[in-house]
Amino acid sequence: MPNLEHSAYPAAALLQLESLVPCRESQVSTLLSIFGERQQFSFPSIFIYGHTSSGKTYVMQNLLSTLQLPHVFVNCVEYFTSRLLLEEILIQLQSCSSEPEQTSHVRCDTFNDFVRLFKQAVVSQELQDQTLYIVLDRAEQLREMEANILPAFLRLQELTDRNVTVVLLSEIVWELFRPNTGCFEPFTLYFPDYSIGHLQKILSQNHPPEYSADFYAAYINILLGVFYMVCRDLKELQHLAVLNFSKYCEPVVRGEANERDTRKLWKNIEPHLKKAMQTVYLREISSSQWERLQRDDGEPGQLKGLSAHTHVELPYYSKFLLIAAYLASYNPVRTDKRFFLKHHGKIRKTNFMKKHEKTSNHLLGPKPFPLDRLLAILYSIVDNRVAPTANIFSQITSLVTLQLLSMVGHNDQLDGPRYKCTVSLDFIRAIARTVNFDIIKYLYDFL
Amino acid sequence: MSTCSVSKGCFVFKPSPKKRRVSQKTAIDFRERNNASEDSELRFVTCQSLWNQIKSETEQIQEDLNKQLFDNLLSFLRRSHSEFQEKTTEWTCQMKSREIPTAALVLGVNVTDHDLTFRSFSEVLQNNITPYIALLEAKDCPDIKNLMQKLMGQLMNCYIDVDSLEDEDSVQVSQNRIRCSMTSLINWYENVTKKTDSETPSKKRTSSSRHWQSPPVVVIFKDMESFTTKVLQDFIVISSQHIHELPLVLIFGIATSPMIIHSLLPHSVSSLLCIELFQSLSCKEHLSTIIDKLLLTTQFPFKLGEKVLQVLINIFLYHDFSVQNFIKGFQLCMVEHFYSQPLSVLCCQVVDTKKRVNSLSHDQCENIRKLPSFRRYVESQVSEKQIALLTADNFLKEIIQKLLEDLHVYHENYVSVLRCLHVFTSSLPKYPLGKQIRELHCACLENRVWETEEYESSLQLARMLNKSDLVTMLQQCVEIFVSSSGKEFDKTVEKLKEFLTQFQKLEAEAIQERDVSVSSQKELQKKTDLYHLQKTLLELKESRRSKKLTKFEMLRFEVVDYIDSLVRTYLVPADHKTLHEIVYFNTASVLRGHLNAAPRIALHTALNNPYCYLKNQALKSDGGSISNKAPDICIVYKLHLECGRLINLVDWLEAFSTVVMAVEGPNADAASSDQVDDIIHARFIRAVSELELLGFIKPSKQKTDHVARLTWGAC
């Protein structure tokens with residue numbers, strides 16, 4: 001195991017850091033060697049990428065705070081405009097200075113202002129003899145801001161002529177960032193995913209005080225056995241581990257098994273975890289509901305998940321409008337005659353089909369259709385006469401707001417609006433059943 | 001309700017916020033349209049007070065119906081952040097990632113009703129849990145920036161005094177100056193909670209004692225479906241990072257199904273939420289309660305006729321599922337009734353009738369004599385009485401009073417018997433008379449219900465009910481009659497109770513009978529000879545066929561017959577009753593015209609037959625021909641109806657000028673007819689562009705000088 005070593009930092013701090021960031025020693029030592037000593041100029045910009053919860057943010061935070069390096073940590077999702085972002089950096093700069101009276105609000109609209117204000121802030125704090133680190137988390141958001149923001153951050157050291165290093169954290173690769181006008185290339189560093197061994201090690205680290213570390217490690221082992229296939233997110237695994245731990249302990253608490261009775265414990269927890277995978281993990285039922293269920297020893301079956309409530313009650317004509325929209329979306333226009341005309345004659349599907357229509361329309365997805373066609377189909381599938389009242393038209397609009405239909409093209413197109421039906425076949429069959437309409441008979445794909 | 005517009009169509013009448021000031025004017029309007037002798041002012045006042053009663057009643061109903069849901073939500077909100085406040089030191093709480101408590105509130109597709117629900121909900125919240133509530137709508141939040149602005153504006157204003165709200169500009173400026181980020185929100189929250197802690201004014205004390213130390217911040221997304229994915233995701237990601245500092249609770253208002261959460265949010269975002277599901281009462285049940293409390297009661301003198309009720313219910317079931325719209329429609333009926341029916345002055349509570357009848361003017365008496373139902377009544381009387389009724393106002397007034405009392409009694413009885421009948425019909429297989437009481441009500445209003453086939457078949461089915469069902473139904477009926485206000489039901493209750501005791505007696509007898517049948521079975525077992533067995537079996541069969549009805553069956557027939565007799569006496573349709581016109585609103589066509597707007601039909605009528613709206617004698621045409629006196633757009637419209645999908649503009653212009661020149665023809669020079677007049681050309685262009693604006697045609701790129709038609713058919 002490579003111990004962290006660096007002449008510039010005290011060994012105690014390094015040791016503490018090592019305990020805080022397990023399984024990330026090599027990355028940290030790379031970073032440390034890039035950082036150099038406190039007063040040395042470091043690389044102008046560093047780009048760190050890796051999957052969700054591969055410890056990018058966590059490592060950076062711990063590294064900077066344990067070694068007490070001056071730093072600014074900003075999440076780019078939270079500060080969604082460039083102005084907010086730049087101002088936030090300046091505010092944090094002010095607050096990490098030793099003079100607390102300088103907390104007045106500064107306005108910073110452009111990067112030019114930022115560079116000027118940044119210089120002032122650094123001078124006033126006498127930070128020049130140390131490298132200042134600006135960490136931009138979720139840096140992919142920078143691409144959506146003004147075009148100059150990202151390149152300017154990359155060469156902030158050069159622009160401000162101060163000892164500063166910008167660290168970008170992102171989940172996507174640098175190639176997707178590179179602006180086509182070219183820019184300064186940052187030093188890129190990859191954080192690989194944690195392996196199952198790593199996960200085991202990290203998760204077992206924080207065991208509850210009441211139980212031994214081995215007991216908890218065994219539990220984590222079982223947990224990973226169930227969940228590792230679907231979820232490698234450390235945070236999520238941690239959450240699940242905590243949620244289900246009380247159930248794991250149950251036999252021990254009741255005195256039916258002792259702590260080393262792994263097989264018995266496994267038998268107890270395994271089906272429970274599988275159930276958790278189908279419910280809590282998918283957020284079908286909430287974690288607090290899950291905990292309550294555990295406490296009351298109830299069956300999760302009695303609590304219906306979110307997906308169980310698929311039934312949507314619609315007004316009568318809305319149902320038919322939706323059915324008409326579905327038919328219009330999935331049937332080729334030419335077949336309307338065959339379905340909705342009284343004396344259509346028999347058309348054999350094989351002769352009737354064009355080559356490209358041989359693939360199922362359901363595989364291709366819904367096609368847009370004009371309003372006229374929707375209404376024409378509506379009039380022919382509803383038994384009694386429907387007057388084209390304002391109510392019918394407003395129902396179409398409300399179906400759009402309910403996201404059951406979607407409008408194709410621009411919203412304010414008044415003449416000849418086009419729609420798509422976005423509901424699934426199962427949904428529409430359930431709807432059609434309530435109005436005794438055999439929709440399968442009218443679908444070209446099922447002819 | 002009227003507008004200054006000349007066109008027919010649907011107009012939105014927003015209720016004015018300063019109603020008191022306006023009502024004076026509407027009262028005058030009410031009067032102006034009618035003769036002063038017709039008590040228009042009194043009618044207006046009656047209508048107003050009645051509406052106020054009904055409004056408060058409906059609000060009460062709404063409140064009661066939502067109570068369960070709100071209670072659940074409140075307990076969820078109380079629970080949501082208390083756990084973390086209590087035990088922050090425990091291992092589980094430290095380790096568990098903190099999720100944002102989220103309530104998924106499924107409200108049904110009647111989006112128009114949601115507003116009211118949310119309003120009352122936020123009121124309840126304000127009184128019980130927290131003053132910090134933000135209601136967000138998708139249309140205000142196209143991106144995260146607007147969402148934050150809106151959120152902070154709503155939250156931070158909740159402690160600003162009323163006077164500072166007046167100059168909105170300053171608030172706006174200060175809002176912009178406060179950086180709209182989560183940090184400033186957190187700072188604000190810290191300040192506010194600290195302030196309520198430290199400050200000691202009594203008012204603040206009470207508010208902070210009602211809420212707790214750090215009340216949660218509730219953010220309500222009114223229409224979850226319409227929010228864009230990105231905005232929601234960003235907001236959730238941001239706020240999940242600050243959940244420790246800002247106790248946030250999200251409430252998603254969902255119209256369709258909770259599945260939408262999964263389709264809007266990816267797993268990485270939904271894993272930040274702790275979602276619990278809440279479901280509101282279905283709107284159909286809500287409507288049933290409203291109908292039950294508004295229509296099937298004698299509390300309100302105003303009644304809806306069958307057709308009108310059918311129109312309102314159809315709009316509800318076929319189009320919008322909106323209870324609010326139903327109540328609005330009911331209000332419209334009421335206003336229309338009091339406005340158009342001069343005799344509606346008598347449509348008041350029973351206690352006031354006497355006074356009002358006595359103060360009727362002669363004109364009003366004449367109005368009564370003109371009523372069809374009253375004329376029918378007069379014709380059924382002896383001749384002296386007929387003369388007295390038609391000539392002596394005082395005698396008439398006495399009779400009217402009596403008749404109105406009769407009508408009231410009729411309503412009292414009607415409601416109870418209807419409910420009683422509903423008890424029977426609602427448990428029959430296939431529901432021949434409908435499952436809901438409103439269907440039964442409509443059927444009874446329409447015509448004599450006992451003459452319908454459905455009634456016949458439901459009686460048939462009722463005659464086959466089993467005993468336990470029958471007994472429970474009878475018990476329910478007894479309860480209904482006992483609690484009803486009608487005075488004539490003492491006998492009925494007695495009779496029903498008698499039936500019940502007879503059933504009990506039967507039970508006792510049945511036990512004995514069973515013994516008998518068992519013994520006969522034993523006899524049967526004894527005979528093993530095939531011939532004898534066949535014989536006895538045949539005998540048994542024969543006896544069963546011709547068997548006299550058992551006592552139970554007799555009794556069942558009696559009960560059903562009794563119910564039938566009740567129906568025949570009390571469920572007479574309202575329009576067979578004298579003076580029903582006074583309390584029943586029956587002009588469904590007016591209502592349909594107001595509520596079921598048909599814009600395209602109206603437009604077609606206006607363009608095809610301009611006389612209908614302009615009322616100009618010159619425009620009165622006999623249908624087919626095109627008059628050149630009509631407005632240009634009408635001529636152009638009529639000409640375009642004769643064309644195919646693509647219309648040649650040159651031909652159209654030719655036809656147009658021919659029609660327009662038809663009168664001027666003799667005067668104008670024949671030589672110039674070859675060249676179209678510039679003015680006519682301009683008029684034509686204008687008319688065509690007007691038609692384009694209305695959406696009948698659009699420019700086409702398929703052929704030069706052609707436009708495409710967009711509409712088909714006559715309407």
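Being a predicted model, the structure only gives us computed values, none of them experimental.
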Closest contact, heavy atoms only, A:Tyr317 versus B:His319: CD1-CE1, 3.3 Å
Heavy-atom proximity to chain B below 4.5 Å, by part of A:Ser246: neither
Side-chain heavy-atom pair A:Val312, B:Val109 within 4.5 angstrom cut-off: yes
Largest heavy-atom contact set with chain B, pairs under 4.5 Å, which of A:Glu284, A:Gln403, A:Lys319: A:Gln403
Largest heavy-atom contact set with chain A, pairs under 4.5 Å, which of B:Ala598, B:Ala104, B:Pro258: B:Pro258
Residue B:Met259 excluded, over 12 heavy atoms near CE under 6.0 Å: no
Partner chain B: residue of A:Ser398, A:Ser318, A:Ser286 with the largest heavy-atom pair count (under 4.5 Å): A:Ser286
Distance, nearest 0.5 Å, that separates CD of A:Gln289 from CG of B:Leu277: 8.0 Å
Chain A contact via B:His262 - side chain, backbone, both or neither, heavy atoms under 4.5 Å: side chain
Residue pair A:Tyr79 / B:Thr183, side-chain donor-acceptor N/O under 3.5 Å: yes
A:His51, NE2 atom: more than 12 neighbouring heavy atoms under 6.0 Å: no
Exercise: do B:Asp320 and A:Asn391 side chains pair donor with acceptor under 3.5 Å: no
Contact class of B:Leu317 relative to chain A, heavy atoms under 4.5 angstrom: backbone
B:Lys139 portion near chain A, given a 4.5 angstrom heavy-atom threshold: neither
Residue part contacting chain A, namely of B:Met148, when any heavy atom lies under 4.5 Å: side chain
Donor-acceptor side-chain pairing of A:Ser288 and B:Glu276 below 3.5 angstrom: yes
Any donor-acceptor pair under 3.5 Å from A:Glu78 side chain to B:Ile238 backbone: no
Side-chain heavy-atom pair B:Val111, A:Leu402 within 4.5 angstrom cut-off: yes
Interface residue of largest heavy-atom contact number with chain B, from A:Asn75, A:Thr389, A:Asp233, under 4.5 Å: A:Thr389
Interchain contact, B:Leu595 with chain A, by part (heavy-atom threshold 4.5 Å): backbone
Interface residue of largest heavy-atom contact number with chain A, from B:Cys283, B:Ser239, B:Ser270, B:Ser263, under 4.5 Å: B:Ser270
Verdict with supporting geometry, B:Val237 and A:Arg138, side-chain contact (heavy atoms from CB on, under 4.5 Å): CA-CA 11 Å; B:Val237 167; A:Arg138 306 280 301 252; 3.9 Å; yes
Pairwise side-chain contact, B:Tyr318 with A:Pro315, heavy-atom cut-off 4.5 Å (strictly under): no
Min side-chain heavy-atom separation A:Glu313-B:Ser282 under 4.5 Å: yes
